[in-house]
Amino acid sequence: MTAGDPLDEIRDELSNAPVVAASDGFEDALWKRLRNESPRQVSPRRYFQIAGIAAVVIVMVAAWATWRPGESPTGPLEASGIQGLAMKLSVAVLEKNGSAPALAMIQDHRSGQTTVCGIGDTVAEFTVVNIESDPPVVFLRREGEAASEACAVLTDDEISACSRGILAAASAGRVSKECLRWLSYQASRGREVAKLALRELMDRGGETAALSRAALYGEHGAPCADLIKMTLDRNRPDREQIILAIYQHGGAEGAAFVAERMRDESEPLRARLLDRIVERKDISQLPLLMSISQSAQNDAWNARLQNAMRALTGGRYAKKTSLPPGGGAGPGPKGKETDASSE
Amino acid sequence: MRNGQTNQGSDDAFVALVQAEKSRLLNLAFRMVGDFHAAEDAVQTAFVEYHRRQDSVESAERWLTGAVLNICRNLLKRRKRDAAAMGHADMRAETADPARPAEWKEEEREVMAFLWSLSKEQRQVVLLRLYEHYTYSEIARELDLPEGTVKTYARQICDRWQHRSKKTS
């Protein structure tokens with residue numbers, strides 16, 4: 001008996017349940033059933049039913065195991081390439097009004113969690129890359145793991161799809177650092193489609209510093225700091241190319257590096273760097289050029305600097321700015337300089 | 001020869017088991033499904049299944065009790081589905097009134113009516129606790145329910161009986 005048993009209160013009253021006895025033929029019927037049913041026999045019809053069901057199940061499991069994103073235009077996107085991660089996602093585009101960003105609804109079949117997000121958003125285990133493609137492209141990462149690692153085992157087709165998705169996302173002005181990091185990682189592993197995507201992104205201009213760093217990472221297989229280290233080796237045949245790339249795609253870190261090179265590099269390289277600054281109309285380098293020109297000992301180099309500064313300021317910077325040390329309080333150049341930089 | 005002896009021995013044990021358990025199991029099934037013929041059928045099915053796998057069964061009594069309840073649950077589920085398919089508005093097939101033999105006493109009728117007024121889960125709790133003398137933890141294990149839920153059912157059953165008694169008196 002259990003202590004505090006509520007059924008104790010009604011035990012006596014419910015003990016009045018009627019008792020039924022087995023019918024006379026109960027045991028005979030039981031023996032008959034035993035004789036008929038033992039040993040268990042499977043009729044041919046039943047056998048074919050079971051075999052049919054088993055075949056259907058095997059086919060479905062095989063299809064599930066070998067299905068890849070892109071094979072079905074409307075089916076769920078499955079990250080079957082990710083080791084040990086039996087994840088299944090459904091991605092559905094929710095809405096797209098004019099220029100408003102489209103939204104995607106992602107359902108993780110494993111946890112049942114549904115998340116609504118836009119292009120470039122990173123949520124939980126996945127980043128929406130492109131929801132305009134068919135099927136939508138989403139790339140995944142396991143919790144606590146970088147996207148690049150999880151995606152490293154994707155097939156070439158999946159990587160191509162992701163790279164194209166990132167390009168489309170960049171066109172829409174929405175591309176996450178996560179996407180770029182992944183793209184760079186793939187490029188560094190020699191994935192041609194990722195390299196192409198990065199080059200295209202570089203050519204578009206207006207990238208963020210993160211994009212530039214990512215581009216460098218992908219193009220050369222090393223982050224910006226590592227690239228800078230490479231340039232210390234003056235015997236490298238591609239040294240000049242690397243320095244130019246650092247300037248072009250290295251963001252603030254790259255610009256600071258270039259400033260140093262402008263003082264110490266050979267004249268041909270300095271000239272090329274200067275040309276690159278002018279070519280890009282990089283007016284943010286004007287203070288750097290002025291600083292260099294103040295200490296320039298070479299007239300030809302100084303003339304190039306002056307020309308570059310004039311080109312950058314649209315001809316308004318016309319005066320030689322080689323000031324004496326500690327000078328610079330004079331009205332002319334300083335006033336002009338302020339005008340130029342305020343434009 | 002030895003096999004023959006073994007088979008003979010196990011068959012004798014099986015016959016003894018049938019004779020010892022059939023009445024208890026039949027009453028359990030009858031109280032569960034409210035249909036004498038269906039109850040007999042359920043008990044026979046349980047015995048047939050037991051006969052097939054008796055070598056792997058540890059406690060025959062417990063196994064047979066579980067098997068009978070399982071068969072009864074499936075039967076009630078099937079009845080409910082059939083009732084729904086036939087468009088019965090109140091799908092109370094699982095608690096439909098059973099046949100009430102005329103020879104039953106008034107108290108017996110009262111108890112049976114009460115049992116069939118309970119839900120399937122509540123009915124299993126009361127049958128296992130009061131007639132099969134299971135503990136609450138054993139019931140919880142048998143029905144795959146938390147023990148707290150089983151006790152809640154027990155409290156509800158008690159309240160319901162007392163409410164019913166008050167009404168009739």
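To find a chain, count down the sequence lines: A is the first, B the second, and so on, and within it residues start at 1.
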Practice task
Check each atom of B:Thr45 against the heavy atoms of chain A and say whether the ones under 4.5 Å are side chain, backbone, both or neither.
Solution key: both

Exercise for the section: Go through A:Asp5 and B:Arg155 one step at a time and tell me if the salt bridge (charged side-chain N to carboxylate O under 4.0 Å, His left out) criterion holds. Expected result: CA-CA 9 Å; A:Asp5 182 354; B:Arg155 170 53 56 197; over 6 Å; no

Exercise for the section: Compute both the distance and the angle, then confirm whether B:Arg62 meets the cation-pi test with B:Tyr134: under 6.0 Å from the six-membered ring centre, within 45 degrees of the axis. Expected result: yes

Handout entry: Mutual orientation of the aromatic rings belonging to B:Trp161 and B:Phe114 [parallel < 30°, tilted 30-60°, perpendicular > 60°]
Key = perpendicular

Practice task
Taking the side chain as every heavy atom from C-beta outward, state whether B:Leu127 and B:Leu115 have any pair of such atoms under 4.5 Å apart.
Solution key: yes

Practice task
Kindly indicate whether the side chain of B:Leu143, heavy atoms from C-beta on, has any atom under 4.5 Å from the side chain of B:Glu121.
Solution key: no

Problem - B:His51 side chain near B:Phe47 side chain, heavy-atom distance below 4.5 Å - result: no

Problem - chain B contact via A:Glu13 - which portion, at a heavy-atom distance below 4.5 Å - result: both

Handout entry: Ring center gap for B:Trp116 and B:Phe30 short of 6.0 angstrom
Key = yes

Handout entry: Engaged part of B:Gln162 at the chain A interface, taking heavy atoms whose separation is under 4.5 Å
Key = side chain

Exercise for the section: Answer with side chain, backbone, both or neither: which region of A:Ala17 has an atom nearer than 4.5 Å to a non-hydrogen atom of chain B? Expected result: both

Practice task
Can you check whether anything in residues 16-25 of chain B gets within less than 4.5 Å of chain A, heavy-atom wise, and list it by number?
Solution key: B:Val18, B:Gln19, B:Lys22, B:Ser23

Exercise for the section: May I have the step-by-step check of side-chain contact (heavy atoms from CB on, under 4.5 Å) for B:Gln124 and B:Lys120, ending in yes or no? Expected result: CA-CA 6 Å; B:Gln124 289 176 101; B:Lys120 191 167 60 188; 4.2 Å; yes

